[in-house]
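Here's the structure, in structure tokens; my notes come after.
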Amino acid sequence: MKKILVIIWGVLHLRRMSVLIVGSIALDTVKTPLAEHADLLGGSASYAAVGASFFSPVKLVGVVGEDFPEAHIEYFGTRAIDLEGLQRVAGKTFRWSGEYLLDLNTRETRSIELNVFEHFNPVLPASYQSSAYLLLANIGPDLQNHVLDQMERPRFVIADTMDLWINIALGELLRLLGRIDMLILNDGEARLLTKETNLIKAAGKIQAMGPKYVVIKKGEHGALLFGPAGEFFSCGAYPLEEIHDPTGAGDSFAGALAGYLSAKNEPVVSFEDLCQGVVYGSVLASYNVEAFSLERLRTLSDDDVKSRWAKFREMTQF
Ligand code: AMP
């Protein structure tokens with residue numbers, strides 16, 4: 001009997017789809033009006049992978065240098081994050097430093113040291129190439145395109161981007177937009193990309209560039225989801241009295257959304273699933289900003305996720 005249960009568990013476990021996440025892994029220095037911390041675990045892929053891991057197993061592709069603490073790698077391991085695609089190379093890890101102004105919404109990048117990221121060539125292990133769900137977390141669109149070149153037939157591809165790439169790599173970004181299912185970006189980036197102040201019109205213009213679905217994040221005001229047949233969903237942000245570090249909110253949002261879709265593993269991704277994914281993304285992002293780096297996600301439980309999801313539901317029903 002025990003043997004049969006073990007086999008059933010094994011089959012169910014194997015059937016759980018992994019989500020493939022590619023992006024930056026960093027050591028961050030973050031300054032807010034109240035505190036400053038150096039050498040924190042950061043990077044778009046770190047936040048996204050941990051966010052996704054609350055819903056689905058993850059396969060992670062990124063690069064770190066010799067100075068990357070072993071403890072962080074062990075932490076990824078405890079979160080069902082497969083590290084076959086993690087490159088550990090000679091040199092120093094990518095470093096980013098940012099400072100938030102009083103409103104905690106405006107951020108200035110103080111410094112960037114590309115280090116091992118400068119020659120990063122994301123190579124997908126053979127077992128990653130058939131992944132159905134892919135999140136291209138924020139990295140250069142040339143690298144995002146290079147990852148897509150190696151994929152067999154992904155079912156749903158989400159990409160995140162930032163103002164830097166809109167400003168310096170627009171051609172590659174436009175090429176990427178023709179190849180993905182969903183683009184996630186913030187309101188300022190949507191306006192920059194489309195030269196359109198109205199966000200509804202901006203989303204339509206982005207859809208005309210390729211992706212069927214667009215998510216526009218509005219920081220403390222939530223996120224908007226647009227579908228191809230005029231579908232629209234608006235999700236507020238969780239009302240938090242104290243925000244300690246907004247870094248990685250967008251990445252943990254995208255990771256949770258991608259992880260949720262992967263866990264559902266439906267033959268076709270429906271708008272309803274995307275709405276749920278956006279709510280789970282907002283739940284993870286709201287927890288993430290409660291502490292620096294990934295500290296809050298380290299102690300987060302599945303019950304915490306469920307209870308805040310229920311609060312979101314309560315908050316939006318009338
Ligand atoms: P977010 O707060 O969602 O914009 O993401 C912040 C994370 O993005 C930080 O942990 C940084 O290490 C990482 N990051 C900052 N600039 C870049 C960049 N140019 N490419 C990739 N990742 C970056």
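Atoms within a ligand are numbered from 1 in the order they appear, just like the ligands themselves. Sequential numbering from 1 along the given sequence is applied to the chain's residues.
Atoms of ligand 1 found under 4.0 Å from any heavy atom of A26, numbered from 1 in the order shown, are 12 (O). Annotation for ligand 1: atoms under 4.0 Å from non-hydrogen atoms of T247 are 2 (O), 6 (C), 9 (C), 10 (O). The L164 neighbourhood of ligand 1 comprises atoms 19 (N), with distances under 4.0 Å to a heavy atom of that residue. Atom numbering of ligand 1 starts at 1 in the shown order; those under 4.0 Å from a heavy atom of Y47 are 10 (O). When each atom of ligand 1 is checked for a heavy atom of G42 under 4.0 Å away, the hits are 10 (O).
Summary of contacts: the protein heavy atom closest to atom 21 (C) of ligand 1 is N138 O, 3.2 Å. For atom 16 (N) of ligand 1, the closest heavy atom belonging to the protein is W96 CD1, 3.7 Å. Atom 8 (O) of ligand 1 has its closest protein heavy atom at S44 N, 4.0 Å. Among all non-hydrogen protein atoms, the one lying nearest atom 9 (C) of ligand 1 is D28 OD2, 3.3 Å. In terms of protein heavy-atom proximity, atom 14 (N) of ligand 1 is nearest to F94 CE2, 4.1 Å. Closest protein heavy atom to atom 22 (N) of ligand 1: S24 OG, 2.8 Å. Looking from atom 1 (P) of ligand 1 to the surrounding protein, the closest heavy atom is D251 OD2, 3.5 Å.
Remark: ligand 1 and G43 share an N or O pair separated by less than 3.5 Å (distance only, no angle test).
Shown here are the side chain to side chain contact (heavy atoms under 4.5 Å, CB included) partners of I168, two or more places apart in sequence or in another chain: L164, W165.
Note: F55 and Y260 have perpendicular aromatic rings, judged against thresholds of 30 and 60 degrees for the angle between ring planes. Note on ring orientation: taking the six-membered ring where Trp is involved, the planes of F312 and Y238 are tilted (angle from 30° to 60°).
Remark: E314 does not engage K311 in a salt bridge, criterion side-chain N to carboxylate O under 4.0 Å. Of the charged side-chain nitrogens involved, at least one lies within less than 4.0 Å of a carboxylate oxygen, so that D149 and R179 count as a salt-bridged pair. The residues E231 and K212 are annotated as not salt-bridged, no charged nitrogen and carboxylate oxygen being separated by less than 4.0 angstrom.
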Apply side-chain contact (heavy atoms from CB on, under 4.5 Å) to residues L20 and L124 and explain how you reach the verdict. CA-CA 10 Å; L20 174 57; L124 304 192; 4.0 Å; yes
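A cation-pi contact links R79 to F54, judged by a cut-off of 6.0 Å to the six-membered ring centre and 45° from its axis.
Looking at N288, I21, L297 one by one, the single match for side chain to side chain contact (heavy atoms under 4.5 Å, CB included) with V50 turns out to be L297.
Put simply, part of R107 is less than 4.0 Å from ligand 1, judged by heavy atoms.
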